[in-house]
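Below: one structure, written as structure tokens.
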Amino acid sequence: MNRIEQEIFNIQKISIRVLEPVATITPFQDATMGPFPSFGLSIIRIEDADGYVGEAPVYNSYNNILETCLFPILFHCEGMSYQEFFPKLYWSIRNEGFKGAASALLGQVDMALHDLAASRQGVPLYRYIGGERNRVKIYGSGGGTNYTLQELENEVALFLDAGVDCYKMKIGKDFGTNMAADIDRVKHVRKLAGDQMQVAVDVNQIWSSADVFRFIDAIGEDELCWLEEPLHSAAYDQIEELCKRTSVAVAYGESERTSKIFPMLANCGVKHLQPVPTQFGGIREWMEVRDLCAKRNLQLSSGGYSLYSSFLMTTASENSTIEYLYSLMYGLEKYFMIRPTLEKGHFHLPESAGLPVRIDWDYCFKENKIVREQVWLKQDVPGYNPLVSM
């Protein structure tokens, strides 16, 4: 039984705080989105009757789902254990679908509940869920398709100096139309990395199967650690065919919001699974993918707000990795008074209670870094009333 199953939550207040976006280290672009000149963070805060608070990153644009499905259940589960009320949360989003924002919101609420539970027990969340080590291996991520060669060199050097032994870069330049530049950039980084660092590439779904094989033929299968989302993430027949025809580990999973898809990805031949905890349908579902990887000897990694979700990887194989997208994530660290530290290619987690990240709210209020805040109180939220509409 999971430790949280018998926890009882008497929720009195929920708020969402939107922090001022922070400039990226280098404006960042991938194959299909960008450039991103800044990056933001919104936090859901769930407070119980004793004043304990659980936090987690949250989507701030879907309050209708929160207010209609999740908050009414959260506020009115007095005396119910997590084991009893979480299925109610889960099935409340059925008509919203389990493959989109509703599922991600469910997981974000679930992370905040786990943070609250670990905080009131006075233990780090990684220990609360059964992790026995306080460090997780990272892979460096960045290499935007808009980066100059000098910017690539600077980023590779930064990760090498930090002891990181794998670097993932973006390809699919100019919406997948400039493969010659992609090939030159990857060869350049491969030369920089030498024997110290493996290189993975992320196509963000823009290519056709023919494009993939043109690229692999030019680079060489042995030169790549993995090939991430080269084809559309919903084209399972094409993904399966690709996996049959290449020895390069193909990676998928970042676009999924539920664990239920991952056995199919594995059956298609995907060797590297990538559930994103802050965009996924709950802690238990992430662990289902972790266990699938262990059972089938597949590589596991996770991205998203990786400083937050690093606690989960302490329960996985030591070869499993957390993505550190330095250009986007580093600037946000000015908001944190507690966070994992990077040393010798690993995040080292703090021993503070709850999540391994704590926002310095005093600083945020003092410096007017909170763009907006919305608050819901128990007395203002009615009980759950399922709606069926067209």
Side-chain angles (χ1 to χ4, degrees), residues 9 11-28 36-63 66-67 71 74-75 105 108-109 111-126 134 158 277-279 304-311 322 324-343 347-381:
F9 297 90
I11 305 304
Q12 301 296 308
K13 179 180 177 180
I14 300 174
S15 62
I16 292 178
R17 292 174 177 173
V18 181
L19 292 171
E20 181 181 84
V22 175
T24 53
I25 300 301
T26 305
F28 185 83
F36 307 103
S38 61
F39 198 67
L41 177 65
S42 299
I43 299 294
I44 188 168
R45 307 180 81 244
I46 301 178
E47 184 174 338
D48 72 5
D50 297 318
Y52 288 100
V53 176
E55 298 184 344
V58 70
Y59 291 161
N60 66 43
S61 303
Y62 299 92
N63 286 358
L66 293 170
E67 292 174 337
F71 288 177
L74 281 174
F75 276 125
L105 287 165
Q108 292 154 8
V109 165
M111 185 178 289
L113 289 172
H114 277 75
D115 180 42
L116 196 162
S119 294
R120 67 187 184 186
Q121 294 292 326
V123 296
L125 185 47
Y126 82 89
N134 69 347
L158 180 145
T278 49
Q279 300 179 37
Y305 289 94
S306 52
L307 289 168
Y308 277 92
S309 53
S310 57
F311 75 94
I322 280 283
Y324 184 36
L325 211 174
Y326 168 77
S327 181
L328 268 61
M329 294 294 163
Y330 179 76
L332 292 174
E333 294 178 20
K334 73 177 185 179
Y335 291 138
F336 305 153
M337 61 180 178
I338 296 173
R339 61 176 175 80
T341 56
L342 176 56
E343 183 181 347
F347 279 152
H348 294 257
L349 278 61
E351 291 299 309
S352 53
L355 280 165
V357 172
R358 283 289 168 231
I359 302 285
D360 187 344
W361 292 116
D362 288 341
Y363 164 79
C364 292
F365 278 107
K366 180 181 177 182
E367 299 298 325
N368 295 315
K369 298 300 183 181
I370 300 173
V371 176
R372 67 180 182 274
E373 178 176 16
Q374 187 165 358
V375 177
W376 295 263
L377 299 177
K378 182 176 182 177
Q379 60 265 31
D380 300 323
V381 178

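Throughout, numbering of the chain's residues begins at 1 and tracks the sequence. What's counted below: heavy atoms across the whole structure, side chains too, no hydrogens, waters or symmetry copies.
- The side-chain heavy atoms of Val22 and Tyr330, taken from C-beta on, include no pair separated by under 4.5 Å.
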Test side chain to side chain contact (heavy atoms under 4.5 Å, CB included) on Cys364 and Leu19; report intermediate values, then the result.
CA-CA 8 Å; Cys364 292; Leu19 292 171; 3.8 Å; yes

Quick one: do Leu74 and Ile14 satisfy side chain to side chain contact (heavy atoms under 4.5 Å, CB included)? Show the steps, please.
CA-CA 9 Å; Leu74 281 174; Ile14 300 174; 3.9 Å; yes

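- Note that the OH atom of Tyr126 and the CG atom of Leu355 stand 13.5 Å from one another [nearest 0.5 Å].
- The distance from atom CD of Glu47 to atom CG of Leu377, rounded to the nearest 0.5 Å, is 9.5 Å.
- Of the N and O atoms on the side chains of Gln121 and Tyr52, not one donor lies less than 3.5 Å from an acceptor on the other residue.
- At least one donor-acceptor pair closer than 3.5 Å links the side chain of Asp115 to the backbone N or O of Glu55.
- In this structure, the separation between OG on Ser309 and CZ on Phe347 is 9.0 Å, given to the nearest 0.5 Å.
- The main-chain N or O of Pro37 is found under 3.5 Å from a side-chain atom of Thr24 such that the two form a donor-acceptor pair.
- A pairwise comparison of heavy atoms in Pro57 and Leu41 identifies CB-CD1, 4.0 Å as the closest pair.
- Checked by atom type, the side-chain pair Asp48/Gln12 shows no donor-acceptor distance below 3.5 Å.
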Trace of the side chain to side chain contact (heavy atoms under 4.5 Å, CB included) decision for Tyr326 with Phe28:
CA-CA 10 Å; Tyr326 168 77; Phe28 185 83; over 6 Å; no

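- With a 6.0 Å cutoff to the six-membered ring centre and a 45° limit on the axis angle, Arg120 counts as a cation-pi contact of Phe9.
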The test is side chain to side chain contact (heavy atoms under 4.5 Å, CB included); show your working for Leu328 and Ile25 and say whether it passes.
CA-CA 7 Å; Leu328 268 61; Ile25 300 301; over 6 Å; no

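- Taking 4.5 Å as the limit, some side-chain heavy atom of Arg45 sits within range of a side-chain heavy atom of Arg17.
- The two residues Leu349 and Phe311 have their closest heavy-atom pair at CD2-CA, 3.7 Å.
- When all heavy atoms are compared, the tightest approach of Ile46 to Ile11 is CG2-CD1, 3.4 Å.
- Distance OH/Tyr305 to CG/Leu325: 11.0 Å, rounded to 0.5 Å.
- Judged by distance alone, the side chains of Ser119 and Arg358 do bring a donor and an acceptor atom under 3.5 Å apart.
- Pairing each heavy atom of Pro350 with each of Pro124, the nearest pair is O-CB, 4.4 Å.
- When all heavy atoms of Ser327 and Thr26 are compared, the closest pair comes out as OG-O, 2.8 Å.
- For the pair Gln108 (side chain) and Tyr59 (backbone), a donor-acceptor distance under 3.5 Å is present.
- Phe75 is not listed as a side-chain neighbour of Gln379, based on a closest heavy-atom distance of 4.5 Å or more.
- To the nearest 0.5 Å, the span separating CZ on Phe365 from CD on Glu373 amounts to 5.0 Å.
- Considering only heavy atoms from C-beta on, Val375 comes within 4.5 Å of Lys13 through its side chain.
- Across Ala118 and Gly354, no two heavy atoms sit closer than the pair CB-CA, 4.0 Å.
- Tyr324 places no side-chain N or O within 3.5 Å of a backbone atom of Leu307 that could act as its donor or acceptor partner.
- Legend: residues meeting ring pair (Phe, Tyr, Trp, His ring centres under 6.0 Å) with Tyr363, ordered by chain and number and at least two apart, are absent.
- Using a 4.5 Å heavy-atom cutoff, the side chains of Glu20 and Ile370 are not in contact.
- The CE atom of Met111 sits 12.0 Å away from the CD1 atom of Ile44 when rounded to the nearest 0.5 Å.
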